[in-house]
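Treat the numbers as computed from the prediction; the structure is a model and nothing was measured. Hydrogens, waters and symmetry mates play no part in the numbers below; they use all other heavy atoms, side chains included.
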Amino acid sequence: MKKKILVAVVVLMAILAFTLAGCSPKNDGILDSYSIPQIDLDATAMNDTEEEQYKSMYGYTTVDDSREYLAHPDAVQLDDGRMVIYYSLGHGKGAIGGKVSNDNGKTWQPIDGLPKTWQNSMETPTIYKLQFNRGQSDEYSKYILISGCPTWGGRYKGNGFNVSVSNDGITGWTEFQNFYGLDYNGKKGENFVAPIVAMASLTQLKENGRWVNKWMGFFHDDNAYNYKTILSFDDYGYMSWSAPEKYFSQYRKIEKKAFMCEVEVVRSNRGEGDQLCLIARSNGNHRNKELNSFISISNDEGATWGEPKFLPASVNGERHKAEWIKDKDGNDRLFITFRSINKDINKLKVSTEKNGSGNGMWYSEGWVAWVGTYDDLINCKEGQYRIKLAHTYLKDQTKSEMNANGDCGYSGNVVFDGGYQMMTSTYGKFVKDKTIIASKVIDIRLIDEMVAKLNK
């Protein structure tokens, strides 16, 4: 009898653990479905009666459609106001291309004279503006582009990460310098790593409450280990990165089960505060996406991190990129882009995505953005609303539908106009038989108006 009771308890605990884990599909409340409104800004979703001031926000702008497959852009605004986008001429590995805009993302022109070593990039490029002597009278900027060298197979055997720097973000890029890769004999060097999406996030640090010329970078490897490393420069301008350190070791079971990866880090108080919030993608075993995205909090500049917590379905997705924006009253909010991952059982029943990447367990709404407050994010609330930025097409689709092609969502975002407008970019199948780089500019004040009208 005791044995039967013990077995029953074990089974009950297993079921409870499965439920708490947010595994899907099933009805798990905010873990699997969201209730906040979503605006669809695909060109095919615009009504004939749409008001004139909103029309320019539908559709997208082509950044580059010169090849059959282009992917994984990142973007930054330069000191002179121009915007640049750098991206892969292939899926991850492949040469790096670049475009520049002189009109806030309305049109794009090629960037020529890029470094020769960029032709052999092994991974998704990421670009950041580094603010030296931040907040001081002698503040100045440099730009940094990073490309990891993971273990893809073939000639890609893993080789640390490659880094270029530039004074203006367009010209004078240095050739790649390698860190923590293979030595001159082709052997694994000290603290060897094989990063994927390096650096998914790069966050400037503080010491004793003041900005310092140090930046914390994040990446993962194909064993679902997540690493951090600190970038700094010596008095002669030479760059160094600290030995990569596994920062989620305390939560290894969660990290491994979820295959946590491609993290974004948001600093509180419009990027000026003392708390860091990390958002992690959950890829799961065999890409099953059974667990939602996570957040983890640090109150000591990334030295330690709190136990990861599930995010609600409204923010569930992959490759989050977060920017601070404002509402009409000047209050601070977050604009977070990502590749949506949806597990709503009721929508799955009617989803046409049965044989795609979701395999009936999940589907994607494609390229989306979440708008909410920092308080919403750290307290795992649903937020204010979502935006479907443009539809990425599955086979035979001719208009925006609930489910979309999930091969998208790595975004380069730039906020301008005092926090009210943003240029966001991604890659995806916006046209038949081609995966291109696309961008769009939206005015958050107009989006707020559209959402308000939905709620009437």
Side-chain angles (χ1 to χ4, degrees), residues 60-67 69-105 107-130 141-150 161-178 195-202 215 217 219 231 239 262 264 319 321 323 337 367 408-416 422-428 435-441:
Y60 63 89
T61 295
T62 298
V63 177
D64 192 345
D65 62 355
S66 61
R67 297 194 180 198
Y69 193 97
L70 301 164
H72 309 130
D74 200 2
V76 71
Q77 187 171 36
L78 307 178
D79 283 344
D80 62 12
R82 291 182 294 173
M83 300 175 186
V84 292
I85 293 178
Y86 291 100
Y87 47 91
S88 299
L89 305 184
H91 189 90
K93 54 183 177 286
I96 296 172
K99 291 287 186 79
V100 58
S101 175
N102 300 308
D103 54 10
N104 291 329
T107 60
W108 298 91
Q109 295 79 42
I111 299 175
D112 299 320
L114 298 176
K116 291 181 180 179
T117 46
W118 287 18
Q119 294 299 309
N120 296 314
S121 174
M122 297 184 185
E123 235 276 326
T124 299
T126 58
I127 182 173
Y128 298 96
K129 179 191 289 189
L130 305 178
S141 302
K142 282 183 180 290
Y143 301 85
I144 189 165
L145 184 142
I146 307 149
S147 174
C149 305
F161 54 91
N162 291 321
V163 184
S164 292
V165 294
S166 167
N167 288 329
D168 65 9
I170 294 183
T171 63
W173 283 106
T174 61
E175 296 292 343
F176 272 151
Q177 181 178 354
N178 185 261
I196 301 174
V197 189
M199 301 297 164
S201 185
L202 187 65
W215 295 263
F219 63 86
L231 166 66
M239 163 179 43
E262 296 179 5
E264 169 70 318
R319 194 63 179 108
K321 293 293 285 185
E323 302 292 342
T337 52
W367 181 32
C408 65
Y410 288 56
S411 293
N413 302 327
V414 173
V415 176
F416 60 102
M422 66 281 303
M423 183 285 297
T424 179
S425 59
T426 191
Y427 75 105
T435 298
I436 69 171
I437 306 298
S439 70
K440 72 185 304 168
V441 176

Exercise. For the residue pair F219 and F161, does the interplanar ring angle fall in the parallel (under 30°), tilted (30 to 60°) or perpendicular (over 60°) class?
Worked result: tilted
Problem set entry | For E123 against S88, the heavy-atom pair lying closest together | O-OG, 4.0 Å
Problem set entry | Closest approach of S439 to G105 (non-hydrogen atoms, all atoms of both residues) | OG-O, 3.8 Å
Exercise. Between atom CD1 of I170 and atom CD1 of I111, what is the distance when rounded to the nearest 0.5 Å?
Worked result: 5.0 Å
For this session: Decide yes or no for V197 and H72: does some side-chain heavy atom of the first lie under 4.5 Å from some side-chain heavy atom of the second?
Result: no
For this session: Enter the distance from Y427:OH to D64:CG here, rounded to the nearest 0.5 Å.
Result: 15.5 Å
Problem set entry | Test item: N102 and Q109 side chains (from C-beta on) under 4.5 Å apart, heavy atoms | yes
Seminar exercise, completed: When every non-hydrogen atom of S147 is compared with those of M122, the smallest separation belongs to OG-N, 3.9 Å
Exercise. Will you find, in the side chains of W367 and Y60, an N or O donor that is under 3.5 Å from an N or O acceptor?
Worked result: no
For this session: Mind checking the OH-OG spacing from Y128 to S141? Nearest 0.5 Å is all I need.
Result: 16.0 Å
For this session: Without swapping roles, check the side chain of K99 against the backbone of V63 for a donor-acceptor pair under 3.5 Å.
Result: yes
Exercise. To the nearest 0.5 Å, what is the distance between CG (L231) and CG (L130)?
Worked result: 6.0 Å
For this session: Indicate the atoms forming the closest heavy-atom contact of T426 with C408, along with that distance.
Result: OG1-C, 3.9 Å
For this session: Kindly give the heavy-atom pair with the smallest separation between V414 and V76, and that separation in Å.
Result: CG2-C, 3.7 Å
Problem set entry | Polar side-chain atom of T126 near backbone of A200 as donor-acceptor pair, under 3.5 Å | no
For this session: May I ask you to decide if I96's main-chain N or O and S121's side chain share a donor-acceptor pair within less than 3.5 Å?
Result: no
Exercise. Does S166 reach the main-chain N or O of Y143 with its side chain, forming a donor-acceptor pair under 3.5 Å?
Worked result: no
Problem set entry | Rounded distance [0.5 Å steps], CG in L78 versus CG in D168 | 7.0 Å
Exercise. Going through the checks in order, is the side chain to side chain contact (heavy atoms under 4.5 Å, CB included) test met by V441 and T61?
Worked result: CA-CA 9 Å; V441 176; T61 295; over 6 Å; no
Problem set entry | Verdict with reasoning, M422 to E323, per side chain to side chain contact (heavy atoms under 4.5 Å, CB included) | CA-CA 9 Å; M422 66 281 303; E323 302 292 342; over 6 Å; no
For this session: Check the angle between the aromatic planes of H91 and Y69 and answer parallel, tilted or perpendicular using the 30° and 60° thresholds.
Result: tilted
Exercise. Tell me, do L70 and T435 make a side-chain contact under 4.5 Å, heavy atoms counted?
Worked result: no
For this session: Please lay out, stage by stage, how Y87 and I436 fare under the test side chain to side chain contact (heavy atoms under 4.5 Å, CB included).
Result: CA-CA 10 Å; Y87 47 91; I436 69 171; over 6 Å; no
Seminar exercise, completed: Rounded to the nearest 0.5 Å, the CG atom of N162 sits from the CD atom of E175 at a distance of 10.5 Å
For this session: Applying side chain to side chain contact (heavy atoms under 4.5 Å, CB included), run through M83 and I85 and close with a yes or a no.
Result: CA-CA 7 Å; M83 300 175 186; I85 293 178; over 6 Å; no
For this session: Check for a donor-acceptor pair, side chain of T62 on one end and backbone N or O of A438 on the other, with a separation under 3.5 Å.
Result: no
Exercise. Closest approach of P115 and T174, non-hydrogen atoms and distance?
Worked result: CG-O, 3.6 Å
For this session: Could you tell me whether Y86 and W118 have their ring centroids closer than 6.0 angstrom?
Result: yes
Problem set entry | No-hydrogen, no-angle side-chain donor-acceptor test under 3.5 Å, T337 and T424 | no
